[in-house]
Amino acid sequence: MLEKIKETAGFIKNIIQDTPDFAIVLGSGLGKLKDEVEPIHILEYPEIPNFPQTTVAGHGGQLIYGKLEGKKVLMMSGRFHYYEGHNIQTIVFPFRVFHLLGIKNLILSNAAGGVNPAFNVADVMIINDHINMMPEHPLRGKNLDELGPRFVDMSEPYNKKMIEVALNVAKDLGIKAHQGCYVALQGPTFETPAEYGMIKAIGGDAVGMSTVPEVIVAKHQGMDCFGISIITDVGGPDIAFTVSHEEVLQAADKAMPNVIKIVKGLVKNYNA
Ligand code: HPA
């Protein structure tokens with residue numbers, strides 16, 4: 001495993017010849033950020049040795065290295081979800097490579113269902129904590145000592161300074177941004193009313209199917225993380241709204257300009 005991670009990192013390093021300031025995952029809600037980066041190198045996933053391959057026909061996935069707000073960023077366009085059937089090690093592989101590339105900061109976005117009654121569809125929530133309810137842990141098994149310790153401190157899963165910078169950016173731009181706890185389930189079903197009730201009861205504000213495995217692996221390696229969710233629907237024990245993928249995508253599109261503004265402001269103003 002370590003050899004593969006090193007081989008992939010070596011391949012990418014050889015091309016980009018630099019250390020990016022941020023890795024950014026273009027999840028739902030950030031896809032169009034791709035159009036705002038000044039690309040320097042575009043690597044197709046199938047060209048990158050050992051890199052996971054997407055299951056979506058016609059969308060092979062790209063790693064884009066370029067400049068955003070004057071900073072060096074490596075963007076992952078096309079991400080991997082557990083519900084697609086990927087092994088959890090496949091999902092986190094790119095993030096181990098990012099560490100070997102020397103990247104210190106990770107930014108992720110996602111679409112999530114809101115259970116906090118203060119949340120409305122198309123709101124944004126800056127993630128300040130998470131609860132991992134995925135069925136598999138990415139650090140289970142022999143520890144990769146070269147990457148990080150066996151037992152990982154998770155007292156600050158989402159970097160407080162990045163959250164503060166992002167909140168200030170949102171405030172200055174007049175964008176309402178909530179903060180909250182993201183609960184990760186495997187999906188692919190959306191939650192039942194009783195499951196939404198459970199998410200709320202255990203202290204969650206939003207629920208989704210991604211992000212947490214990536215953050216765990218990043219923290220193992222000492223990276224700082226920032227996560228932002230678009231609330232694409234709201235649920236609860238006594239709310240029987242239906243949710244469809246189309247509605248999720250529509251809400252994500254509606255909120256995307258705000259998420260992009262916040263992330264651009266964060267990249268510009270955060271100096272770690
Ligand atoms: N659960 C509920 N609603 C959602 C999700 C989810 O995982 N993702 C986007 N909207």
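Counting starts at 1 for both ligands and their atoms, in listed order.
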Side chains of Asp123 and His178: donor-acceptor distance under 3.5 Å anywhere?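 Per modelled atom types, Asp123 and His178 side chains form a pair under 3.5 Å.
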Regarding Asn271 and Lys71, do their side chains bring together a donor and an acceptor under 3.5 Å, going by distance alone?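 There is such a pair (donor and acceptor under 3.5 Å, judged by atom type) between the side chains of Asn271 and Lys71.
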Quick one, Leu33 with Leu68, criterion side chain to side chain contact (heavy atoms under 4.5 Å, CB included). Give me CA distance, side-chain angles, the key distance, then yes/no. CA-CA 9 Å; Leu33 188 63; Leu68 182 71; 4.2 Å; yes
Can you list the residues that meet the side-chain hydrogen bond (donor to acceptor under 3.5 Å, both in side chains) rule with Gln179, with sequence neighbours excluded?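 By the side-chain hydrogen bond (donor to acceptor under 3.5 Å, both in side chains) rule, Gln179 matches Asn128.
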Worked check of side chain to side chain contact (heavy atoms under 4.5 Å, CB included) between Asn269 and Asn168: CA-CA 10 Å; Asn269 295 310; Asn168 283 332; over 6 Å; no
Contact between Ala112 and ligand 1, counting heavy atoms under 4.0 Å?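 For ligand 1, residue contact (heavy atoms, under 4.0 Å) with Ala112 is present.
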Under 4.0 Å from a heavy atom of Met209: give me the atoms of ligand 1 that qualify, with their elements.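 Under 4.0 Å from Met209, ligand 1 has these atoms: 6 (C), 7 (O).
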Within a distance under 4.0 Å of any heavy atom of Gly208, pick out the atoms of ligand 1 and give their elements.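 Here the atoms of ligand 1 in question are 6 (C), 7 (O).
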If you measure from each non-hydrogen atom of Tyr196 to ligand 1, which part falls under 4.0 Å: side chain, backbone, both or neither?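 It is the side chain that touches ligand 1; the backbone stays farther off.
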Would Tyr182 and Tyr158 satisfy ring pair (Phe, Tyr, Trp, His ring centres under 6.0 Å), going step by step from the backbone distance to the final call? CA-CA 11 Å; Tyr182 175 90; Tyr158 300 87; 8.3 Å; no
Identity and distance of the protein heavy atom lying nearest [atom]:
atom: atom 9 (C) of ligand 1; answer: Thr232 OG1, 3.3 Å
atom: atom 2 (C) of ligand 1; answer: Glu191 OE1, 2.9 Å
atom: atom 6 (C) of ligand 1; answer: Val207 O, 3.4 Å
atom: atom 8 (N) of ligand 1; answer: Ala111 O, 3.4 Å
atom: atom 10 (N) of ligand 1; answer: Asp233 OD1, 2.7 Å

Taking atom CD of Glu38 as the centre, does the number of heavy atoms from other residues, nucleotides or ligands within less than 6.0 Å exceed 12?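 No.
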